[in-house]
Chemist: 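Provided herewith is a single structure, encoded as C-alpha cells, for subsequent inquiry.
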Amino acid sequence: MNYRKERMGEEIRTHVARIIREELELKDMLVTVTEVSVARDLSEARVRVSVLPDEQGVEAIRILSKFAGRFQGMLIRAMNVKPVPRIAF
C-alpha cells in the first residue's frame, strides 16, 4: 500500500470520528469508524463504520450519507491537503 494513502486514510479516519462524536446527534446508537480505504488516485475515501445496536445500522448509514457533504467541508477546513478525497459511507 502506498504510504501517502495510508497517512491520508488515518487522517480522514481521525477527523471523521471526531466529527461524528462532536457534531452529529445519533440517538441510541454508537458509531465507530473502523476503516478508511482511499482510492489509488486519492479521489475517494470509503469510510467503514461499526454501529451498535446492529438494528440501527441502516439508519446510521442513511444519516452519515446524508451529511457526507458536511463532512467534506469540515475535512477541507481541518486538513492541510488539496484536494481532499470525496467521502462515501
Side-chain angles (χ1 to χ4, degrees):
M1 179 182 264
N2 184 336
Y3 184 63
R4 184 165 186 220
K5 279 177 42 178
E6 284 183 30
R7 285 190 329 206
M8 180 76 74
E10 281 302 309
E11 189 75 14
I12 290 171
R13 187 184 68 75
T14 302
H15 286 292
V16 168
R18 182 188 55 77
I19 293 167
I20 289 173
R21 186 178 60 247
E22 295 175 2
E23 302 290 331
L24 291 181
E25 292 188 25
L26 300 170
K27 295 182 179 171
D28 301 325
M29 66 180 91
L30 175 66
V31 177
T32 304
V33 178
T34 57
E35 180 184 8
V36 176
S37 302
V38 179
R40 177 173 280 154
D41 64 356
L42 304 177
S43 64
E44 181 179 70
R46 171 100 20 211
V47 179
R48 296 186 196 329
V49 296
S50 172
V51 180
L52 290 176
D54 290 336
E55 306 83 47
Q56 297 283 347
V58 173
E59 179 67 14
I61 295 298
R62 186 187 66 74
I63 293 169
L64 292 171
S65 295
K66 179 180 174 184
F67 287 101
R70 186 174 180 192
F71 283 115
Q72 190 73 34
M74 293 175 139
L75 285 174
I76 288 169
R77 287 188 292 281
M79 295 176 66
N80 192 20
V81 175
K82 299 291 189 244
V84 173
R86 187 171 52 88
I87 303 300
F89 290 92

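Residue indices begin at 1 and follow the sequence shown.
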Chemist: Please examine the side chains of Leu75 and Ile87, heavy atoms only from C-beta on, and report whether any two atoms are closer than 4.5 Å.
Modeler: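 Yes - at least one pair of side-chain heavy atoms lies under 4.5 Å apart.
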
Chemist: Is the closest side-chain heavy-atom distance between Arg4 and Val81 below 4.5 Å?
Modeler: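 Yes. Closest side-chain heavy atoms under 4.5 Å.
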
Chemist: Is the shortest side-chain heavy-atom distance between Phe67 and Ile19 below 4.5 Å?
Modeler: no

Chemist: Distance check, rounded to the nearest 0.5 Å: Leu24 atom CG versus Met29 atom CE?
Modeler: 10.0 Å

Chemist: How long is the straight-line distance from CD of Glu11 back to CG of Asn80, given to the nearest 0.5 Å?
Modeler: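 Answer rounded to 0.5 Å: 9.5 Å.
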
Chemist: Any chance you could measure Met79, atom CE, to Thr14, atom OG1, to the nearest 0.5 Å?
Modeler: 9.0 Å

Chemist: Does the side chain of Glu10 reach to within under 4.5 Å of the side chain of Arg7, using non-hydrogen atoms?
Modeler: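 With C-beta onward as the side chain, the pair stays apart.
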
Chemist: Going from CD on Gln56 to CD1 on Ile63, what distance comes out if it is rounded to the nearest 0.5 angstrom?
Modeler: 8.0 Å

Chemist: Nearest 0.5 Å, please: how far is CD in Glu35 from CD1 in Ile12?
Modeler: 12.5 Å

Chemist: Side chains of Gln72 and Val84: does their closest heavy-atom pair fall under 4.5 Å?
Modeler: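 Counting from C-beta outward, Gln72 and Val84 do come under 4.5 Å.
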
Chemist: Do you reckon Leu64 sits in the same ILVMFWY cluster as Leu30, going by side-chain contacts under 4.5 Å, direct or chained?
Modeler: no

Chemist: Return the CE to CG distance between Met8 and Leu42, rounded to the nearest 0.5 Å.
Modeler: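 So the gap between those two atoms works out to 5.0 Å.
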
Chemist: Between Ser43 and Arg86, is any pair of side-chain heavy atoms under 4.5 Å apart?
Modeler: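 No, their side chains stay 4.5 Å or more apart.
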
Chemist: How about Val49 and Thr32: do any of their side-chain heavy atoms sit closer than 4.5 Å?
Modeler: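 No - every pair of side-chain heavy atoms lies 4.5 Å or more apart.
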
Chemist: What about Leu52 and Ile20, same hydrophobic cluster or not, with Ile/Leu/Val/Met/Phe/Trp/Tyr joined at side-chain heavy-atom distances under 4.5 Å?
Modeler: no

